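Just below is one structure, and these are the notes that go with it.
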Amino acid sequence: MSICGDLYEVHTSQLVFVIAIYEISNENIMRECYDSEAAWGSDNEYCSDITRNDEGNIVKTLQREHNLDELTARGYDVVATYKYDIGSYGNLLFKLDYNHIIENSQTYKGLDGNSVTSQYAGYGRSKDKAAMSIVWKMDDLLIRWRTNYVGAFKASQEDEKDYLEYVAANDER
């Protein structure tokens, strides 16, 4: 039996040799246009990234790459394997790969000069995923069964924030 675990923490920031180039999310583009202290309108570079049709509906949000202040990823990986000999019937090999994301964030300086940090772990994709396999091998015969697990996630950080505000407002009644 073998077990291996890795804890990782990666920070990419505006250092001399490392540049954090990444796209700002649609939510943050809209926040920078409509909900920041910066002026709204054509002088705001984020407002020009939003295209509306004749009825005023948003039809496109342009995501350009920006030189962000920092990208951060933290989490851990675990791999476990176990080999079991079943004599003349060959052997079984069990394997489990597991990954948990603790943090996946980006930080950039908004138009109003304030730093904006968005945490993406668990939003739009799961914090947890695993893959498990069982292999039976006898001579030249090999049979493998594999399954994957993807944990729960929330569609959007903004949707969760709005939901919690609505629940709090409802509780105040």
Side-chain angles (χ1 to χ4, degrees), residues 1-15 18-36 46 49-50 58-84 86 91-110 114-137 142-172:
M1 178 172 195
S2 68
I3 297 175
C4 178
D6 293 310
L7 180 63
Y8 61 89
E9 184 165 349
V10 179
H11 297 277
T12 305
S13 59
Q14 285 187 340
L15 301 173
V18 180
I19 299 174
I21 297 179
Y22 205 72
E23 295 173 346
I24 294 177
S25 70
N26 289 346
E27 291 174 6
N28 283 337
I29 290 170
M30 292 177 66
R31 184 180 303 120
E32 288 294 329
C33 177
Y34 300 116
D35 194 27
S36 72
Y46 292 98
D49 291 341
I50 300 169
I58 295 174
V59 293
K60 182 174 86 173
T61 304
L62 177 65
Q63 289 185 323
R64 294 178 286 128
E65 291 183 339
H66 294 268
N67 189 357
L68 305 177
D69 291 340
E70 185 175 313
L71 297 172
T72 301
R74 291 187 309 128
Y76 56 88
D77 297 316
V78 177
V79 177
T81 59
Y82 179 71
K83 186 175 182 179
Y84 182 70
I86 50 178
N91 57 53
L92 294 170
L93 177 64
F94 302 90
K95 183 176 181 186
L96 173 68
D97 294 297
Y98 175 74
N99 173 258
H100 176 74
I101 299 171
I102 298 169
E103 179 182 2
N104 180 15
S105 65
Q106 68 173 218
T107 302
Y108 68 94
K109 192 169 295 279
N114 296 321
S115 288
V116 177
T117 299
S118 296
Q119 171 64 263
Y120 294 107
Y123 298 101
R125 60 181 159 215
S126 174
K127 286 183 174 185
D128 298 294
K129 63 182 176 179
M132 187 180 96
S133 66
I134 300 172
V135 176
W136 174 54
K137 184 174 181 187
L142 184 133
I143 298 174
R144 178 186 316 257
W145 174 79
R146 181 179 168 98
T147 188
N148 292 313
Y149 166 79
V150 177
F153 62 91
K154 297 172 178 87
S156 162
Q157 195 170 16
E158 280 299 309
D159 289 347
E160 182 184 27
K161 181 181 164 192
D162 291 346
Y163 169 76
L164 294 174
E165 288 174 1
Y166 295 144
V167 169
N170 190 48
D171 290 344
E172 289 176 6

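None of the values given here were measured: they were computed from a predicted structure.
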In Å and rounded to the nearest 0.5 Å, what is the CD1 to CG distance from I29 to L62? 7.0 Å

Checking S126 side chain against G151 main chain: does a donor-acceptor pair fall under 3.5 Å? yes

Please check if atom OH in Y34 has more than 12 non-hydrogen atoms from other residues, nucleotides or ligands closer than 6.0 Å. yes

Flag yes if more than 12 heavy atoms outside F94 fall under 6.0 Å of its CZ atom; otherwise flag no. yes

Can you give me the closest heavy-atom contact between W145 and M132, atom names plus distance? CZ3-CE, 3.3 Å

For R74, check salt bridge (Lys or Arg N to Asp or Glu O under 4.0 Å) against everything at least two apart and list the hits. E103

Results of side chain to side chain contact (heavy atoms under 4.5 Å, CB included) for K137 - residues two or more places apart only: N91, L142

With sequence neighbours excluded, residues passing ring-ring contact (aromatic ring centres under 6.0 Å, His included) with F153: none

Rounded to the nearest 0.5 angstrom, the CG-NZ distance for L92 and K83 is 10.5 Å

Pairwise distance CD1(I101) to NZ(K129) - rounded to 0.5 angstrom: 6.5 Å

Mind checking the CG-CG spacing from N148 to D97? Nearest 0.5 Å is all I need. 9.5 Å

Which distance, rounded to the nearest 0.5 Å, do you find between the OG1 of T81 and the CG of L93? 6.5 Å

Nearest 0.5 Å, what's the CD-CG distance between E32 and D49? 11.0 Å

Note: L7 and G75 closest approach over all heavy atoms is CD1-O, 3.2 Å

Quick one, V79 and K95 - any side-chain contact, counting heavy atoms below 4.5 Å? yes

Are side-chain N/O atoms of Y149 and D128 paired as donor and acceptor at under 3.5 Å? no

Minimum heavy-atom distance between Y8 and H100, given as atom pair plus value: OH-O, 4.0 Å

